[in-house]
Structure formats: C-alpha cells, structure tokens
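I have placed the structure first, in the form of structure tokens, so that the comments after it can refer back to it.
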2 protein chains.
Amino acid sequence: MSHRGPAPDMATSVEAEDPRVTRTRHAVREAVRSLVQRAGFEGVSHQQVAAEAGVGRATVYRHWPTRTDLLLHALAEVEVPRHWQSSGDLATDLAKELQRLQRTLSSSPLVPELVALIGRAEWDAELRGTKAELLAAGTAGLRRALEAAIEREELPADHDLDTTIARLAGPLFYRRVLAHAPLEDAFVTKIITAYVNEVSASG
Amino acid sequence: MSHRGPAPDMATSVEAEDPRVTRTRHAVREAVRSLVQRAGFEGVSHQQVAAEAGVGRATVYRHWPTRTDLLLHALAEVEVPRHWQSSGDLATDLAKELQRLQRTLSSSPLVPELVALIGRAEWDAELRGTKAELLAAGTAGLRRALEAAIEREELPADHDLDTTIARLAGPLFYRRVLAHAPLEDAFVTKIITAYVNEVSASG
DNA sequence: TAGTCTACGAGACAGAGCGTCTCACAAAGT
DNA sequence: ACTTTGTGAGACGCTCTGTCTCGTAGACTA
C-alpha cells in the first residue's frame with residue numbers, strides 16, 4: 001500500500017534504509033497527521049510540518065516536494081484485514097462489518113483527515129487514487145461478507161457488489177459526513193434488516 | 001437563504017442597492033465559483049478573485065474580509081422549491097425527487113464546490129451552517145414527499161424522516177462523491193423499489 | 001443641473017510564507 | 001580512519017496577505 005521507498009519493518013530488507021531517513025519519515029508522518037486533525041489540509045505547510053516534527057525545513061522539501069506528497073505519505077498506509085472468516089450467515093457478517101464501520105466513523109481521529117481528502121481529491125488526481133484505496137480498504141470487509149454469501153448461494157451470482165456496498169455504507173457516510181448526525185445502533189440495525197429482508201424476499 | 005444584503009432582483013426593493021455594489025457582488029460571485037471549480041478552495045484568494053473578477057483588491061477585502069466570507073457569498077444561495085405538489089403516490093414522488101438529485105449530482109458544475117465545502121466544513125463552523133442549509137435544500141423535496149405520505153397515512157406518523165433520507169440519498173452521495181462511479185438509472189430505481197417494497201410489506 | 005456622497009481602482013507598505021540554495025556538521029557505511 | 005550522505009541552520013528572492021491612502025468616477029439629492 002505504501003507508495004514510495006523500500007518496505008518498512010522488515011528485518012532483512014533488500015535495501016536497508018538509513019536510520020536517519022527512517023527517523024525523519026516517521027516524525028514527519030506523525031506531524032502531518034497531527035496538523036491535519038487540528039487545522040485541516042490548509043494547516044499543512046512544509047514550514048509547519050518541519051516545526052511540528054522537529055526537522056529541518058529543507059529536509060521536508062527534499063523528501064516531499066509538494067503538499068500532496070506530504071499528505072500521501074501520511075495517509076497512504078492502511079491496514080487491510082488479513083484474515084477474514086465468514087460466520088456462515090449473511091446477516092451476522094453484515095452486522096459485524098457495518099458496526100465496525102460505524103465505530104470507525106464515530107470515533108476514529110482520522111475521519112477529519114479522510115473528509116479533507118475527499119474534498120481535495122476532487123482536483124488532485126494523485127490523491128484520488130489514494131482515496132479509492134482507502135475506500136476499498138474500509139469496505140473490504142463488507143465485500144468479503146457479500147462474496148461469501150454468493151459462494152454459499154445465499155445471494156445470486158450476478159449480485160452487484162458495488163451497488164450493494166453503496167446502499168449499505170452510503171447511509172452511514174451520509175449521516176456522519178454530510179448530516180453530522182450521530183450514528184446510533186438503531187440506524188445501523190435498520191439498514192441491515194431492511195437489506196436482509198429484501199434479499200430473503202426476492203431469493 | 002441569502003445571508004447578507006438586501007434581496008436582489010426586486011423592482012421595488014425596500015432599500016435599493018448601489019448599482020456599483022451590485023456589479024461588484026455579481027462579478028466576485030462568478031469569479032469565486034469559477035476559481036473553486038478550476039482549482040478548489042485553495043485556489044481562492046482575495047488576490048486571485050480580484051484579478052478574475054476585474055475588481056480592485058481592496059474592494060474585495062472591503063466586502064468580504066475573510067476567505068470564508070468569499071465562499072459563503074458564492075455558495076450560500078440556493079433555490080428551494082417554492083411550490084411542491086405530491087402526485088398522491090409515494091413511489092412516484094420519491095422517484096421524481098431522487099432522479100432530480102441524481103441529475104444534480106451527475107451534471108451540476110457546483111458539485112466540486114460542494115465537495116470542497118464538505119471537506120472544509122470539518123474545521124470551519126461558519127461553513128458548517130451553510131453546508132447544513134444546502135443539504136436541507138437539496139433534500140427538501142424528499143422530505144416533502146415523505147411528509148405527504150405520512151399525511152395520507154401511507155407511512156406511520158412516527159416514521160423517522162432523517163433516517164429515511166439518509167438511506168435514500170446516502171447511496172447516491174456515496175457513489176458520486178466517494179466511489180466516483182456513474183449514477184445509473186438502474187441504481188436509483190433499485191433504491192426506490194427496495195424502499196417502497198419495505199414500506200408496503202411492513203404497513 | 002449642480003453639489004455631495006460614496007464605492008471604486010491603483011498603488012504603497014510591512015509582514016509572513018514559500019521554494020531554493022549553500023554550507024558546515026554529524027551520523028552511517030566501508 | 002576515510003568517504004559518503006542525510007541533516008539543520010540560515011540567507012535569498014519571490015509571492016501573497018492585509019491594511020492603508022488617495023484621486024476619480026459614478027450615484028444619489030436638492
């Protein structure tokens with residue numbers, strides 16, 4: 001998922017990274033995240049980042065010439081769930097995944113970052129790619145749950161996953177990002193039961 | 001819906017506006033919109049706006065001291081549908097309103113502006129209010145349709161409008177803003193029929 | 001029509017941020 | 001011990017910001 005540089009955290013990396021570079025990269029990443037959360041993308045300047053990270057200004061320019069580079073470096077790493085196990089029941093799987101999404105959207109300090117990313121991605125093609133990656137990672141669980149249901153023939157093979165994901169996750173994003181309303185459990189439950197009923201009715 | 005100044009376009013205004021001011025306000029509004037569409041919020045500076053509008057820099061500062069003021073001036077005017085008439089059938093009303101929303105999201109040149117607004121509103125309380133107004137205006141038709149259905153007792157009186165609106169409009173926003181996928185008719189149709197089936201089944 | 005009022009544009013100004021550059025230093029690798 | 005290389009400090013020219021003054025032209029008023 002990382003865009004630049006050699007793979008981190010590997011004991012025997014093919015090409016070891018200079019410890020000084022490692023330190024810089026880490027400090028800058030934390031600084032950018034902190035700044036974005038406090039003041040939005042517009043609060044992120046090379047100058048601010050350098051001060052916040054305790055790093056020379058020239059150093060920041062050397063590694064990340066543009067503002068987009070800085071943002072990508074701070075945001076482009078996401079954990080994709082490695083192992084995923086279906087419970088064998090679509091409703092259960094969906095409930096689990098949507099509740100995970102609900103928790104993330106409700107509490108994660110990165111949400112403001114992501115919203116800012118969405119806004120800026122409208123003009124920045126490079127960020128648009130990152131946005132797509134993050135979205136795919138965030139909804140990967142939902143996708144797996146639906147794919148498992150298709151394999152069990154609980155859903156028809158031609159079921160449109162993207163549409164369904166939009167219908168399940170869309171309302172959550174709407175409430176959190178657009179309406180700024182709290183994401184109650186009842187809301188999530190309603191979405192799931194409505195969808196499951198619809199599936200069982202048609203199938 | 002307009003925040004500042006007397007009502008425009010009225011032949012016998014209570015307090016007529018100086019034509020020079022009218023000219024300035026109009027030129028600046030167009031300039032801001034053009035700039036936001038081309039370069040995002042970050043492309044909007046007093047300097048740029050002044051140049052684009054063919055207006056003195058001091059004049060821009062006089063009317064709109066902050067960047068937020070500029071953005072509000074350009075975005076804060078929305079037409080709310082004045083007269084709204086129900087067809088007498090919920091499915092028909094919803095189809096009409098969602099298709100209107102679909103058209104707006106698909107084609108309006110203001111969509112990038114709105115996405116940028118969403119992102120910036122995460123930190124700017126003043127813009128957050130405007131965002132709420134725009135959202136309310138954009139979904140007013142949906143709300144009216146649902147209210148009419150409640151009056152006809154097609155929906156229970158305690159039906160949660162906000163939840164329903166999120167479930168209907170959320171997927172559209174998700175597709176357009178997050179997934180950058182086209183909004184096909186089939187997608188919209190599916191959302192409506194699913195919801196209508198759900199209502200008739202429970203009612 | 002004459003006179004007053006007021007928004008305007010041009011430009012000066014200090015201050016801050018930006019992006020680039022040089023240079024001495026210290027840490028890393030050999 | 002020697003070379004390489006990333007670093008931090010600071011100087012630089014440049015642009016943008018926000019405020020100011022001032023002469024002008026257009027808009028109300030009598």
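So you know, we letter chains A, B, ... as the sequences are listed, proteins then strands, and number each from 1.
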* To do: With the side chain of B:V21 defined as its heavy atoms from C-beta on, choose the nearest nucleotide among C:dC8, C:dA10, D:dG8.
  => C:dC8
* **Distance, rounded to the nearest Å, where B:E17 contributes CD and C:dC5 contributes P** => 22 Å
* To do: Provide, to the nearest angstrom, the distance between the CH2 atom belonging to A:W64 and the C1' atom belonging to D:dG6.
  => 12 Å
* Could you please name the option among D:dA27, D:dC20, D:dT7 that lies closest to any side-chain atom of B:P19? => D:dA27
* To do: Could you tell me the separation between the CG atom of A:L178 and the CG atom of B:L135, rounded to the nearest 0.5 Å?
  => 5.5 Å
* For A:R38 and A:S34, does a side-chain donor sit closer than 3.5 Å to a side-chain acceptor? -> yes
* Whole-Å distance between D:dG18 P and B:Q48 CD? -> 14 Å
* At under 4.0 Å, does any side-chain N or O of B:T24 touch on OP1 or OP2 of C:dA7? -> no
* Will you find, in the side chains of B:H63 and B:R25, an N or O donor that is under 3.5 Å from an N or O acceptor? -> no
* Structure fact -> Closest to the 5' end of DNA chain C, once A:R62 and A:V44 are matched to their nearest nucleotides, is A:V44
* To do: Would you mind reading off the distance between B:Q47 atom CD and D:dT15 atom C1', rounded to a whole angstrom?
  => 8 Å
* Ignoring hydrogens and angles, does a donor from either the side chain of B:R20 or the base of D:dA27 sit under 3.5 Å from an acceptor on the other? -> no
* Does the side chain of B:H63 get closer than 4.0 angstrom to OP1 or OP2 of C:dC8 through an N or O atom? -> yes
* Asked: Just checking, B:R175 and B:F187: is the charged tip under 6.0 Å from the six-membered ring centre and within 45° of the axis?
  -> yes
* Using a cut-off of less than 4.0 Å, is there contact between a side-chain N or O of A:H46 and OP1 or OP2 of C:dG17? -> no
* Structure fact -> Rounded to whole Å, the CG-C1' distance (A:D18 to C:dA28) equals 6 Å
* To do: Would you mind reading off the distance between B:Y61 atom OH and C:dG9 atom P, rounded to a whole angstrom?
  => 15 Å
* Flag for A:S86-A:R152: side-chain donor and acceptor within less than 3.5 Å -> yes
* base_contact_polar (C:dG19 base, A:R57 side chain, donor-acceptor, <3.5 Å) -> yes
* To do: May I ask you to evaluate whether A:T59 reaches the phosphate of D:dG8, defined as a side-chain N or O under 4.0 Å from OP1 or OP2?
  => yes
* For B:E42 and D:dC16, give me the distance from atom CD to atom C1', rounded to whole Å. => 15 Å
* **Separation of atom CZ in A:R25 from atom C1' in D:dG6, rounded to whole Å** => 14 Å
